[in-house]
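Below is one structure, written out as structure tokens; the observations come after it.
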Amino acid sequence: MTISNNDFHYIQNILHKQVGIVLGMDKLYLVENRLTALAQQRGLASLQELLLQLRTRPSPDILQDVVNAMAINETHFFRDEPFFETLKTTILPDILVQRAKQRTLSIWSAACSSGQEPYSIAILLREYFPQLRDWNVRLIASDISSTMLARSRKGCYTQFEVKRGLPEFLRYKYFQRCGKEWQIKAEICKMVEFKEINLTETWPSLPALDLLLLRNVLIYFDDTHKKIILNKVQRLLKPNGYLFAGTSETALNRLNKQLKIVQSGTIVGYQVQ
Ligand SMILES: C[S@@+](CC[C@H](N)C(=O)[O-])C[C@H]1O[C@@H](n2cnc3c(N)ncnc32)[C@H](O)[C@@H]1O
């Protein structure tokens, strides 16, 4: 069944209002596929019935399901390998020198999807920075999607997922087989604090940050929402703290004049001026 333009605009409005996501007409097929699957999950006869329920009885529960269904969750371990290499060789060593006295480190992976990004950071810290064992390290990971957070907390990944980006020696060291899947070990799992945070709404109290990963999520927002988010980011970053966005999310300093570009090789990040 295809979705009418009218219904598509209705869904576009819901997503913009609820989570600030701007959905282009090119996502029509995605809306049809994902909402048809959602209708089936909810035991409804058709996509049409789901749309009717949304229009006549838009309960928080059904709205959350629509947001979860439409969130674009593409991610993988050590996504953008040069970025993680730069973190390992340049950014984290720099932060560690600066915080050596206080021995505290605060990192936030905002929009963590199914958890591969924060777990990649946790593995990096455990594998290459053993001196952090007696530091006070907070690694916070958040997403708007309760479904993705549940997956993240579970820390169970398919063979396909662990083969995407994760070096084999790290898989054998930090995961264990769990039937056909791979379970992240408890020592890594417990390093990450998962929270549900909608970036376009009020944020809970968060620590001042040394490192903020806001990767591959800003692309879904319009400039107004991006500016609001970046203003909050600017206030949360410690002096010399780093912000990194996705490789296609460039020129954030044009949306917030307090952010200055810091470049390390091909990797572009931001610090507060
Ligand atoms: C493409 S994934 C990015 C995952 C990871 N950061 C990476 O780069 O691999 C985008 C994530 O943004 C989340 N998201 C979308 N809108 C959001 C919002 N308003 N607040 C918080 N997270 C949001 C989605 O649920 C999805 O998990």
Side-chain angles (χ1 to χ4, degrees), residues 11-24 27 30-31 34 38 60 63-87 107-124 139-155 157 160-166 192-204 206 209 211-233 236 242-250 252 267-269:
I11 299 293
Q12 273 181 320
N13 277 337
I14 289 183
L15 288 170
H16 192 242
K17 227 161 79 197
Q18 297 281 319
V19 287
I21 290 180
V22 182
L23 211 60
K27 296 289 186 300
L30 201 72
V31 171
R34 295 207 175 167
L38 177 62
L63 289 172
Q64 179 66 45
D65 274 1
V66 169
V67 168
N68 281 346
M70 289 314 307
I72 295 151
N73 305 116
E74 166 61 11
T75 189
H76 59 82
F77 288 102
F78 295 93
R79 181 179 191 175
D80 187 10
E81 203 260 330
F83 166 70
F84 277 93
E85 190 56 28
T86 304
L87 267 192
I107 301 175
W108 179 22
S109 158
C112 67
S113 188
S114 37
Q116 286 91 329
E117 182 175 274
Y119 286 139
S120 300
I121 298 282
I123 290 171
L124 199 74
L139 173 47
I140 298 164
S142 67
D143 202 276
I144 192 175
S145 160
S146 46
T147 313
M148 284 301 116
L149 286 167
R151 275 215 64 203
S152 299
R153 288 192 179 101
K154 203 167 164 216
Y157 297 94
F160 176 72
E161 286 169 326
V162 290
K163 282 201 158 178
R164 289 184 76 199
L166 182 67
V192 188
E193 256 174 82
F194 289 101
K195 290 178 189 289
E196 189 170 320
I197 300 177
N198 179 347
L199 291 169
T200 62
E201 283 185 356
T202 311
W203 297 356
L206 291 161
L209 295 168
L211 177 61
L212 169 51
L213 308 190
L214 193 60
R215 301 168 72 225
N216 304 303
V217 63
L218 288 174
I219 31 167
Y220 303 119
F221 304 136
D222 56 24
D223 276 0
T224 310
H225 280 98
K226 281 185 200 168
K227 280 183 187 164
I228 296 171
I229 292 170
L230 291 175
N231 283 345
K232 293 194 205 174
V233 162
L236 258 186
Y242 289 90
L243 161 70
F244 290 98
T247 41
S248 61
E249 298 158 319
T250 53
L252 302 186
I267 302 304
V268 174

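Whatever order the structure lists ligands and atoms in, that order sets their numbers, starting from 1. Quick caveat, the model's predicted, so the values are computed rather than measured.
Among protein heavy atoms, atom 2 (S) of ligand 1 sits closest to Ile72 O, 3.3 Å. Counting only heavy atoms of the protein, atom 24 (C) of ligand 1 lies nearest to Asp143 OD1, 3.6 Å. Protein heavy atom closest to atom 20 (N) of ligand 1, with residue, atom name and distance, is Leu199 N, 2.9 Å. Looking at atom 4 (C) of ligand 1, its nearest protein heavy atom turns out to be Ala111 O, 3.3 Å. Protein heavy atom nearest atom 17 (C) of ligand 1, with residue, atom name and distance: Ile144 CG2, 3.6 Å. Closest protein heavy atom to atom 16 (N) of ligand 1: Ile21 CD1, 3.7 Å. When hydrogens are left out, the protein atom nearest atom 7 (C) of ligand 1 is Arg79 NH1, 3.3 Å; that is the closest non-hydrogen contact. Summary of contacts: the protein heavy atom closest to atom 9 (O) of ligand 1 is Thr75 OG1, 2.6 Å.
Of the residues listed (Val19, Ile144, Asp143, Leu214), the one engaging Leu199 in a side chain to side chain contact (heavy atoms under 4.5 Å, CB included) is Leu214, and it is the only one. Among the candidates Leu38, Leu23, Asp65, the single residue satisfying the side chain to side chain contact (heavy atoms under 4.5 Å, CB included) test with Met70 is Leu23.
The distance criterion of under 3.5 Å between nitrogen or oxygen atoms is met by Val19 with respect to ligand 1. Polar contact check, His76 against ligand 1: no nitrogen or oxygen pair lies under 3.5 Å apart. Checked against a 3.5 angstrom limit, the closest N/O atoms of Asn216 and ligand 1 fall inside it. Residue-to-ligand polar distances keep Tyr220 apart from ligand 1: every N/O pair is separated by 3.5 Å or more.
In summary, the atoms of ligand 1 found under 4.0 Å from a heavy atom of Ser113, numbered by their order in the structure, are 4 (C), 27 (O). The distance from ligand 1 to the heavy atoms of Asn73 drops below 4.0 Å at these ligand atoms: 24 (C), 25 (O), 26 (C), 27 (O). Residue contact check: Glu117 has heavy atoms under 4.0 Å from atoms 5 (C), 6 (N), 7 (C), 8 (O) of ligand 1.
Using a 4.0 Å cut-off between heavy atoms, Val217 contacts ligand 1 through its side chain alone, with no backbone atom that close. The part of Glu74 lying near ligand 1 is the backbone, judged by heavy-atom distances below 4.0 Å.
Contact between Thr247 and Thr250 at its shortest, heavy atoms only, is O-CG2, 3.5 Å. In terms of heavy-atom proximity, Glu249 sits nearest to Ile219 at OE2-N, 3.0 Å. Heavy atoms only, all atoms of each residue included: Trp108 and Ser142 are closest at NE1-OG, 2.9 Å.
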Do any side-chain atoms of residues 110-118 form donor-acceptor pairs under 3.5 angstrom with protein atoms, and if so which ones, sequence neighbours left out?
residue	atom	partner	partner atom	Å
Ser113	OG	Asn73	O	2.7
Ser114	OG	Gln116	OE1	2.8
Glu117	OE1	Arg215	NH1	3.0
Glu117	OE2	Ser109	OG	2.8

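Contact of the Thr200 side chain with the Tyr220 side chain is not registered, since no non-hydrogen atoms from C-beta on lie closer than 4.5 Å. In this structure the side chain of Ile121 reaches within 4.5 angstrom of the side chain of Ile107, judged on heavy atoms.
Within the structure, ligand 1 has Ile197 among the residues with a heavy atom less than 4.0 angstrom away.
No donor-acceptor distance shorter than 3.5 angstrom exists from the side chain of Asn216 to the backbone of Ala245, with no hydrogens or angles considered.
We find that Arg153 and Glu193 are not joined by a salt bridge, their nearest charged nitrogen and carboxylate oxygen being 4.0 Å or further apart.
With sequence neighbours excluded, no residue forms a ring pair (Phe, Tyr, Trp, His ring centres under 6.0 Å) with Phe221.
Of the candidates Ile229, Leu15, Asn198, Asn198 brings a heavy atom nearest to atom 19 (N) of ligand 1.
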Show your working on ring-ring contact (aromatic ring centres under 6.0 Å, His included) between Phe84 and Tyr119 and close with a plain yes or no.
CA-CA 12 Å; Phe84 277 93; Tyr119 286 139; over 10 Å; no
